[in-house]
Protein chains: 2
Amino acid sequence: MSPKVSKEHLQQRRADILEAAKRVFIQYGYEAATMKHVMEEAGVSRGGLYQYFSNKEDLYETILKENLSEVSDKTKRSLDEKTASYWDLLLLRVFGEDKQPNDEMDPLAPSNLEFFITGRNDERRRKYGQQRYRKGLKVYADVIEAGQKSGEFSSQYDSKVLARTIISFIDGLALDHAILPEEDVQLKDQSTMLLEYLKMTLNVE
Amino acid sequence: MSPKVSKEHLQQRRADILEAAKRVFIQYGYEAATMKHVMEEAGVSRGGLYQYFSNKEDLYETILKENLSEVSDKTKRSLDEKTASYWDLLLLRVFGEDKQPNDEMDPLAPSNLEFFITGRNDERRRKYGQQRYRKGLKVYADVIEAGQKSGEFSSQYDSKVLARTIISFIDGLALDHAILPEEDVQLKDQSTMLLEYLKMTLNVE
DNA sequence: TTGCAAAACGACACCGGTGTCGTTATAATA
DNA sequence: TATTATAACGACACCGGTGTCGTTTTGCAA
């Protein structure tokens, strides 16, 4: 398809592989996914794949990196510009675009948890995870702190503690729904509980 | 040590292996732990180990089984006998013996999460996890429901949804602290947030 | 159209973990 | 003390996944 350079083709191929890999990780999870799965899904050979990514870890971290930005960046930007209430900002960060409890969840969330928890004893992976987490944490903490300073939110809880707790809460929900079927309790129900929690701890509405 | 039967020696050996395995799983986590680690930690040969447990999964599920009971059983029993307030019962279940936020955590918790999340695509493992989870859920739901019926707890939230949310919350904390260092936010701080959450949703104190 | 750089290929060797099985060692029993 | 059932042993074959590397293919440029 693209021997001897061409940059565009090269990037396209890379993007294709990344897309395929993402699908594979969503389907199998991080541990169970193999490079062979990715090869087949992307329609590329072993050698071809390794030309772009040196191993599964590299591949996954690339996906993580490119996925991180979206909502988080948007929240950060909005915070700087202060285009909405802090409460709206927080809802945006927590629930995404529709800003309210919903049934959707980042399909990569389970794999992410898997990636970080299985990597907790690996120096490199742990450092990477922590760094990443801190960034995410900061977004929450900043919004909360700003909201508290403005008087929009109650200041009864420490912004950092609250931020970390909210993230734990969210991760817990993702974990729970990765393992368990919906049955009588829907993800939406629990998202609503999370919303209630936010209202209570920030004393909003 | 114990050729030709003796039942006691046999059970002792089995118990020793189980103890060793537990240590190994705590240290390495489920995925990274190998039967070799267990062999070495238990001071038993490959063949010896396989005499007692047919594989890692078997080994781990046995540990899970024997660890499950403790607090959960105690709570269940207390509930039947109604020896304490439902609030006390709930605290016992959530925080363990001292019934208040603390810095400790089941050292196996991270491995457990790992075990269940990596097993989510395996028919057997998933079924097993779900069944186990349901049991745990029921303990919470029963306490909450009883407390609500007695008027001790507010009934504004559905007991099942609340139970599942509490468990998610707890698992989220365990996950968070398996991956992240304590830094400025301590596990105890977040346990306190959990306690607050319980008070708010059940309208206690 | 021809030459070439390098993208794509896939066979291969390697590795670590697994579970088995024939052998050896030993505690109970008579 | 001899016998024996079987616990314990550890070498081995196997397997699936990984990453490499020599070969082939192919798009661009002269």
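In the text below, chain A, chain B and the rest are named by the order of the sequence lines, each starting its count at 1.
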Would you call A/K188-A/D103 a salt bridge at under 4.0 Å N-O?
-> no
Return the value, rounded to whole Å, for the distance between atom CZ of B/R13 and atom P of C/dA25.
-> 16 Å
Kindly compute the distance separating CE (A/M193) from CE (A/M200), expressed to the nearest 0.5 Å.
-> 6.5 Å
Do the ring planes of B/Y30 and B/Y60 sit parallel (below 30°), tilted (30 to 60°) or perpendicular (above 60°)?
-> perpendicular
Between D/dA8 (P) and B/Q12 (CD): distance, integer Å = 12 Å
Contact under 4.0 Å: A/S45 side-chain N or O vs C/dG10 OP1/OP2 | no
Under 3.5 Å, side-chain donor or acceptor atoms of residues 171-178 of chain B against the rest of the protein: list the pairs with distances, not counting sequence neighbours.
| unit_1 | atom_1 | unit_2 | atom_2 | d |
| --- | --- | --- | --- | --- |
| B/D176 | OD1 | A/R164 | NE | 2.7 |
| B/D176 | OD1 | A/R164 | NH2 | 2.7 |
| B/D176 | OD2 | A/Y133 | OH | 2.3 |
| B/D176 | OD2 | A/S168 | OG | 2.8 |
| B/H177 | ND1 | B/E182 | OE2 | 2.9 |
| B/H177 | NE2 | B/Q190 | OE1 | 2.8 |

Nearest-Å distance for atom pair NZ/P, residues B/K56 and C/dT18 = 6 Å
Flag the pair B/K65 and B/E61 as a salt bridge only when some basic side-chain nitrogen lies within less than 4.0 angstrom of an acidic carboxylate oxygen.
-> no
In numerical order, the residues of residues 27-38 of chain A whose heavy atoms come under 4.0 Å of DNA chain C are none
May I have the distance from A/F53 (atom CZ) to C/dA8 (atom C1'), rounded to whole angstrom?
-> 15 Å
Please give, in whole Å, the distance from D/dT6 C1' to B/K7 NZ?
-> 16 Å
Whole-Å gap separating C1' (C/dT24) and CZ (B/R46) | 19 Å
Nearest-Å distance, CG (B/D58) to P (C/dG19)?
-> 10 Å
Given D/dA8, is OP1 or OP2 found less than 4.0 Å from the side-chain N or O atoms of B/Q51?
-> no
Just checking, is any N or O donor in the side chain of B/T118 or B/E31 under 3.5 Å from an acceptor N or O on the other one?
-> yes
Answer yes or no: is there an ion pair linking A/E81 with A/R77, defined by an N-O contact shorter than 4.0 Å?
-> no
Within less than 4.0 Å of OP1 or OP2 of C/dA8, is there a side-chain N or O belonging to A/Y52?
-> yes
A/Y50 OH to D/dG17 P: how many Å, rounded?
-> 11 Å
